[in-house]
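Following: one structure in structure tokens, then a few remarks.
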Amino acid sequence: MITLTFPDGAQREYPDAVSGRAVAESIAKSLAKKAVAMAIDGEVRDLSDEIRADARIEFVTREDPRALELIRHDCAHVLAEAVQTLYPGTQVTIGPVIDNGFYYDFARDEPFTPEDFAAIEAKMREIIKADRPFTKEVWSRDRAKEVFAGKGEAFKVELVEAIPADQDLKIYYQGDWFDLCRGPHMPSTGRVGDAFKLMKVAGAYWRGDANNPMLTRIYGTAWASKEDLEHYLHQLEEAEKRDHRRLGREMDLFHFQEEGPGVVFWHAKGWSLFQSLVAYMRRRLEGDYDEVNAPQILDKSLWETSGHWGWYRENMFAAQSAGDEAEDKRWFALKPMNCPGHVQIFKHGLKSYRDLPLRLAEFGVVHRYEPSGAMHGLMRVRGFTQDDAHVFCTEEQLADECLKINDLILSTYADFGFEEIVVKLSTRPEKRVGSDASWDHAEAVMARVLEDIERRAGGRVKTAINPGEGAFYGPKFEYVLRDAIGRDWQCGTTQVDFNLPERFGAFYVDADGTKKMPVMVHRAICGSMERFLGILIEHYAGHFPLWLAPQQVVVCTITSEADDYAREVAAAAKRAGLRVVADTRNEKITYKVREHSHAKIPVILVVGKREAAERTVNVRRLGSQAQTSQGLEEALAALVAESVAPDVARGHAMPAEWQPSEGVQLDGQHDHAMR
RNA sequence: GCCGGCUUAGCUCAGCUGGUAGAGCAACCGCCUUGUAAGCGGUAGGUCGUCGGUUCGAGUCCGACAGCCGGCACCA
């Protein structure tokens with residue numbers, strides 16, 4: 001006999017090897033009917049599985065959040081059957097559950113198109129309606145290989161071969177159709193329900209490797225109810241409305257054109273945003289960093305020394321004199337990174353241990369030849385500006401420097417309303433430079449710092465490890481922030497580098513007069529300013545806080561009788577430091593309000609004959625229908641107060657929660673900027 | 001880079017199976033002096049992404065290239 005414990009704490013005894021379904025039936029017929037799976041000691045399993053030992057048991061109904069994964073997974077199987085029924089000769093490969101849905105990869109000579117969706121979905125509904133039971137068999141490796149090979153399923157044979165020998169090889173049937181699958185599944189196809197939709201087709205490499213053949217992937221979404229599906233589709237529409245490419249056009253921020261794939265034409269308003277962001281970052285660097293500027297193009301030999309020419313040549317732009325008769329036909333590379341330039345600045349003149357830590361910052365424009373398919377609005381471009389810095393320090397200073405950068409990054413994100421942050425430590429990749437000993441050392445230091453970061457954040461940040469994701473010259477921290485609609489973006493990075501200083505022969509003179517190699521820390525907060533602005537546009541949905549908004553205020557007249565007053569108001573606002581224009585066009589106020597609302601102007605000041613006489617303004621804020629009448633001076637004073645950047649408002653200090661905690665020394669004993 | 005799709009006026013889009021391009025908004029001109037998300041009328045605007053092919057004839061069919069979109073791969 002075995003003892004099963006139910007969620008309410010009740011315990012019951014059952015014979016050995018009792019199936020979950022039998023247990024459910026022993027409690028209530030209705031429960032057996034409602035249950036789609038069970039959780040044994042927290043692990044979701046098939047209802048048909050036999051329980052052989054004492055355990056906690058819980059039945060999972062279709063409404064249970066854990067059922068969503070089953071619905072999606074089953075739906076993927078139904079999709080695969082539908083496709084193989086409609087298009088004989090199509091091979092099935094894998095079909096996992098992903099965020100919000102699932103996909104299935106197929107091998108077929110002719111790729112699918114969205115036009116095929118209607119027919120496939122109809123066939124899927126048929127299969128679901130037939131409500132065929134999912135049944136499981138365990139096969140031997142040889143039998144599975146033989147059966148799949150016999151069906152011409154070469155990819156499945158490969159999958160079977162890849163399953164570790166100690167694992168059971170499970171086959172799930174749904175009627176006659178079957179698939180190799182880890183499970184678990186619901187009792188029958190009918191449980192999938194009708195809240196699913198095929199979303200898109202795409203190419204995808206077999207096993208994610210670009211050297212392998214390309215398969216056709218069909219993406220689908222599936223939910224427990226129609227309402228959930230509708231809600232999800234609505235969310236997608238809302239996300240589309242805040243697409244930075246769309247808002248960039250609508251708000252007249254920037255554009256791209258054919259002659260410059262992946263390079264941005266910033267319009268006046270977009271550039272205003274860009275400059276506000278740069279100004280903010282400069283203020284945050286004040287006192288700690290020296291801002292520098294390294295050349296845009298440098299002889300390729302320098303990139304050979306740094307290692308970039310060897311690793312990344314395919315992704316670099318090179319330039320040469322355009323004249324046929326030019327005496328100097330050397331190749332110069334457009335800088336893809338700022339670090340080699342900063343090392344040259346460090347190396348210029350002898351550096352003493354007293355100079356360290358030396359923090360060189362640059363808003364450096366870099367160019368990288370990104371693969372054509374990788375480009376995406378501002379998010380992935382070929383020319384971009386990094387808020388880059390390199391800290392040259394001693395081994396002993398390394399941990400403190402990483403923590404200091406951590407504080408700067410987290411407090412910066414907080415100023416833009418990003419509160420959910422994950423810090424990931426990426427460790428040595430396969431393709432790398434430097435000895436294993438130096439990697440061991442760097443990773444050990446970083447791991448300690450990561451613990452510190454977690455401890456100091458008091459639960460405000462999560463940490464994780466990304467094995468094998470480090471840069472070729474050293475391990476790195478990656479800062480991932482979550483935006484207003486829950487999407488994650490990797491922006492900041494702190495990378496420890498023992499290699500570049502060595503390659504360039506950088507050194508400082510230590511207290512004992514000997515030459516020592518500095519440790520170099522690469523660090524970026526926004527990463528790419530272009531991309532960070534893209535993220536901000538989407539995060540704020542174009543509705544920028546006043547301190548960032550390129551056009552803060554529009555003064556709108558109701559009739560031409562208020563034109564003079566409107567110009568007076570605009571002039572006063574401008575004198576107060578606000579970015580303002582007067583709209584005295586001969587249009588109805590409804591027209592002007594609509595137009596400026598579409599343009600996402602945060603503040604509309606409406607003035608008519610009455611306001612002119614009373615010297616007031618009618619304030620209408622973006623996103624609200626409400627209007628408030630205020631005296632001119634009072635209204636302007638409030639707007640000026642609101643348009644102060646958050647760091648300026650707190651007197652350039654670190655926010656209180658990011659003040660250095662006890663025991664952590666954040667700055668050296670000296671201030672290098674004073675020397 | 002790979003797979004698929006798309007490219008018509010400044011923007012959003014229509015244009016059936018080939019017969020030589022159309023709407024709304026925007027722009028410009030006029031009327032309207034207007035009270036919080038589109039007042040009315042008129043005018044102008046396109047070598048239909050580029051190049052090549054098929055055809056008596058191509059926005060429409062075929063091919064190449066480019067750019068963009070959705071994925072995949074990549075992301076120092």
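The chains referred to below are lettered A, B, ... by the order of the sequence lines, with proteins before strands, and numbering in each begins at 1.
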Which is true for [X] with a 4.0 Å heavy-atom rule: it touches a base, it touches only sugar-phosphate, or it touches nothing?
{"X": "A:Pro336", "answer": "base"}
{"X": "A:Asn315", "answer": "base"}
{"X": "A:Tyr219", "answer": "sugar-phosphate"}
{"X": "A:Tyr473", "answer": "sugar-phosphate"}
{"X": "A:Gly307", "answer": "nothing"}
{"X": "A:Ala202", "answer": "base"}
{"X": "A:Lys592", "answer": "nothing"}
{"X": "A:Glu259", "answer": "nothing"}
{"X": "A:Ile558", "answer": "base"}
{"X": "A:His376", "answer": "sugar-phosphate"}
{"X": "A:Pro371", "answer": "base"}
{"X": "A:Arg217", "answer": "sugar-phosphate"}

Whom does [N] pair with, Watson-Crick or G-U wobble, provided both distances fall under 3.5 Å?
{"N": "B:G30", "result": "B:C40"}
{"N": "B:G19", "result": "B:C56"}
{"N": "B:G24", "result": "B:C11"}
{"N": "B:C51", "result": "B:G63"}
{"N": "B:A73", "result": "none"}
{"N": "B:G45", "result": "none"}

Tell me: [atom1] of [X] to [atom2] of [N], nearest whole Å?
{"X": "A:Glu587", "N": "B:A37", "atom1": "CD", "atom2": "P", "value": "15 Å"}
{"X": "A:Arg368", "N": "B:C75", "atom1": "CZ", "atom2": "P", "value": "11 Å"}
{"X": "A:Trp206", "N": "B:G71", "atom1": "CH2", "atom2": "P", "value": "22 Å"}
{"X": "A:Glu370", "N": "B:C68", "atom1": "CD", "atom2": "C1'", "value": "17 Å"}

### Message
Can you classify the ring geometry of A:Phe346 versus A:Phe392 as parallel (below 30°), tilted (30 to 60°) or perpendicular (above 60°)?
### Response
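Parallel: the ring planes of A:Phe346 and A:Phe392 meet at under 30°.
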#### Entry: Aromatic ring pairing A:Phe532/A:Tyr413, orientation class (parallel under 30°, perpendicular over 60°, tilted between)
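A:Phe532 vs A:Tyr413 ring planes: parallel.
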Between [N] and [X], counting only base atoms on the nucleotide and side-chain atoms on the residue, is there a donor-acceptor pair under 3.5 Å?
{"X": "A:Gln257", "N": "B:G49", "answer": "no"}
{"X": "A:Arg382", "N": "B:C75", "answer": "no"}
{"X": "A:Tyr205", "N": "B:G1", "answer": "yes"}
{"X": "A:Thr590", "N": "B:U36", "answer": "no"}
{"X": "A:Arg249", "N": "B:C11", "answer": "no"}
{"X": "A:Arg432", "N": "B:A76", "answer": "no"}

### Near-ring test A:Phe106/A:Tyr87, centroid separation under 6.0 angstrom
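Between A:Tyr87 and A:Phe106, the centre distance exceeds or equals 6.0 Å.
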### Six-ring centre of A:Tyr219, A:Lys200 cation under 6.0 angstrom, axis tolerance 45°
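Yes, cation above the ring, under 6.0 Å and within 45°.
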On the nucleotide [N], are OP1 or OP2 found under 4.0 Å from the side-chain N or O atoms that [X] carries?
{"X": "A:Arg245", "N": "B:G70", "value": "yes"}
{"X": "A:Tyr369", "N": "B:C74", "value": "no"}
{"X": "A:Lys588", "N": "B:G39", "value": "no"}
{"X": "A:Lys476", "N": "B:A76", "value": "yes"}
{"X": "A:Arg620", "N": "B:A37", "value": "yes"}

### Message
Quick one, A:Val496 and A:Val445 - any side-chain contact, counting heavy atoms below 4.5 Å?
### Response
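No, side chains not in contact.
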### Query
Would you say A:Tyr591 stacks on B:A38, if stacking means ring centres under 5.5 Å apart and planes within less than 30 degrees?
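The base of B:A38 is not stacked with A:Tyr591 (the test needs centres under 5.5 Å and planes under 30°).
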### Query
Which atoms form the tightest heavy-atom contact between A:Met529 and A:Asp387, and what is the distance?
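For A:Met529 and A:Asp387, the tightest heavy-atom pair comes out as SD-CB, 3.7 Å.
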### A:Tyr205/A:Asn211 under side chain to side chain contact (heavy atoms under 4.5 Å, CB included): CA gap, chis, key distance, verdict
CA-CA 8 Å; A:Tyr205 297 109; A:Asn211 300 311; over 6 Å; no
### Query
Say you pick atom C1' in B:C65 and the same atom in B:C6; how far apart are they, in whole Å?
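Their C1' atoms lie roughly 16 Å apart.
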